[in-house]
Amino acid sequence: MFKSILIANRGEIAVRIARGCRELGISPIAVYSDADRASLHVRIADKAIHIGPAPSNESYLVIDKIIAAAKTSGADAIHPGYGFLSENADFAEAVERSGLVLIGPPASAMKLMGSKTSARQIAKQAGAPVVPGTVSSLDSVEQAERVACDVGFPVMLKAASGGGGKGMRLVRSGSEIASAFSLASSEAAASFNDPSVYIEKYIESPRHIEIQLIGDSYGNFVYLGERECSLQRRHQKVLEECPSPIVDDDLRRRMGEAAVNIARAAGYQNAGTIEFLVDSDRNFYFLEMNTRLQVEHPVTELVTRRDLVHEQIRVASGAKLSFTQEEITMNGAAIECRIYAEDPHNNFMPSPGRINRLEVPSGPGVRYDSGSYQGWEVPIYYDSLLAKLCVWAETRELAINRLGRVLDEYTVEGIQTTIPFFRALVTNEAFRRGEFDTGFIDHFWKNGEPSIRDNDSDNRIADIAAIASILHTKTSKERQDTAAPAQTESRWKLYGRVGQRK
Ligand code: MV4
């Protein structure tokens, strides 16, 4: 087993990995930029190595600096976390060459799955269902037109080196395809230094559901259920759940086996995630693979009662998987809210600054993963994820109720956060029923507040009751105090109570 691990990351995930190291008797070593001198991940590590100025392309993204930090600190292995260098095959190769161990997949598998077209080829070879379309990049507009007619409109043009929505174009008819092709191609060239695009049939109103898996160096693989990740805003996940409200045991087994077959075909090792699109008839299609530990891994840990960071470290050090597929069972329901330093009332604008007051929820079924503390200043240079607030309960309904309780216990002052967004979401009836797809958030949250326009009758009744209640309070208050100020905070609470009463 490793004696010490260098954590090539910052913030909540660096803290999470350091905790996993400690629990296995391994010494965690941090790296930090100028902007992170006072950060929590630096405080809790045994050693911390300064790696340069605040901008990540001069610090957390510099391969040579990370490897040098690992060498000088005497680390045996490097955990990349997510983001930064975590899916960079050149980094994985450099780590392999240096004689250190990367806690992640082999560079070869990272490279194969990093190209969306070669990932689609692998998935197809593995016999997994893949969204209809091409498995290599398009040579011409004419070829794009031919394939589009074969699979049927609408189609999507996607960057072969892309991911996360960049270089993606929806094409509804043949007349749009030529301009979409050149737009997608130049966007792909600008963003990924690779103009290649491929084509997929467009899946209408899909859900995004992904399978967590892990493999050891002996060819053993286990899948650890799914995560429901449909609630996204601008290709950023905002809330994730395990299990998905629409996945039953049979679908879970079929998706899990498909995921393991894909990972095996790629020569994969360590933790990874296979993303699927699921249509309204519950057909699932391979979308892409994430070759790293993901932000939302805690919901899987809460429901499967396994520690993914422990297991990543064990298999990277050459141990066999410590559990079999038969031993993995799903217990209860978990939900994660991503708490960002962003203002949900102002188009989710980043809100850096000093956290003047912080009261963190606790009690039964709560897990709070954070890289922040009271008095800390949120830097402007990085992703603004402040914390991941997770709840677990016996059922999804109880987990949502618990989430409402937990969000009411949570106080952050000095900066704006996405907490008010989640307080509104937990009272939404469609969300509570598990009826949503990847387009839900755009309809739910408009102009900096929850939209009361919803085609759902229960929701309309709840909204009318909420409005009546607000008007009643406002008018009776105005009777007592003519200078009553508008208070957004109390409006959410009122809305919340109406939701909870139902
Ligand atoms: C799709 C799709 C529908 N059909 N592909 C968006 C991000 C990128 N990773 C893949 N994305 C999509 N690909 C086909 N063939 C719809 C989306 C999509 C989406 C996917 C997952 C979660 C949220 C999304 C929001 C909009 C579009």
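Order of listing sets the numbers, starting from 1, for every ligand and every atom in it. Quick note: residue numbers are just sequence positions, from 1.
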### Task
Provide, to 0.1 Å, the distance between atom 11 (N) of ligand 1 and the closest protein heavy atom, together with that atom's residue and name.
Met168 SD, 3.7 Å

### Query
Hey, does Met113 have a side-chain heavy atom less than 4.5 Å from the side chain of Ile262?
yes

### Task
Identify, for atom 4 (N) of ligand 1, the protein heavy atom at the shortest distance, and state residue, atom and that distance.
Ile203 N, 2.9 Å

### Task
Tell me, please, whether Phe431 has Arg396 positioned over its six-membered ring: NZ or CZ under 6.0 Å from the ring centre and within 45 degrees of its axis?
yes

### Query
For the residue pair Glu228 and Ser244, what are the closest heavy atoms and their distance?
OE1-OG, 2.8 Å

## Note on the structure
atom 24 (C) of ligand 1 sits nearest the protein heavy atom Thr438 CB, 3.7 Å

### Task
Indicate whether the side chain of Tyr60 and that of Tyr381 have a donor and an acceptor atom separated by less than 3.5 Å.
no

### Summary
of all protein heavy atoms, closest to atom 15 (N) of ligand 1 is Lys201 O, 2.7 Å

### Task
Please determine if Arg172 forms a cation-pi arrangement with Phe153, meaning its NZ or CZ atom is less than 6.0 Å from the six-membered ring centre and no more than 45° off the ring axis.
no

### Message
Working note: Gln236 + Arg338, criterion side-chain contact (heavy atoms from CB on, under 4.5 Å); need CA distance, chi angles, decisive distance, verdict.
### Response
CA-CA 10 Å; Gln236 275 253 40; Arg338 295 193 185 190; 4.2 Å; yes

### Query
Which residue and non-hydrogen atom of the protein lie closest to atom 20 (C) of ligand 1, and at what distance in Å?
Leu277 CD2, 4.0 Å

### Message
Using a 4.0 Å cutoff against the non-hydrogen atoms of Val131, which atoms of ligand 1 qualify?
### Response
15 (N)

### Query
Nearest to atom 1 (C) of ligand 1, what protein heavy atom do you find, and at what distance?
Lys158 NZ, 3.3 Å

### Query
Nearest protein heavy-atom contact for atom 6 (C) of ligand 1: which residue, which atom, what distance?
His235 CE1, 3.3 Å

### Query
atom 21 (C) of ligand 1: which protein heavy atom is closest, and how many Å away?
His208 ND1, 3.4 Å

### Task
For residues Phe221 and Gln325, determine if any side-chain heavy atom of one lies less than 4.5 Å from a side-chain heavy atom of the other.
no

### Summary
Per side chain to side chain donor-acceptor pair (under 3.5 Å), Gln294 is matched among Arg227, Gln212, Glu240, Glu275 by Arg227

### Task
Under 4.0 Å from a heavy atom of Glu200: give me the atoms of ligand 1 that qualify, with their elements.
5 (N), 14 (C), 15 (N)

### Message
Using a 4.0 Å cut-off to any heavy atom of Glu288, which atoms of ligand 1 qualify?
### Response
9 (N)

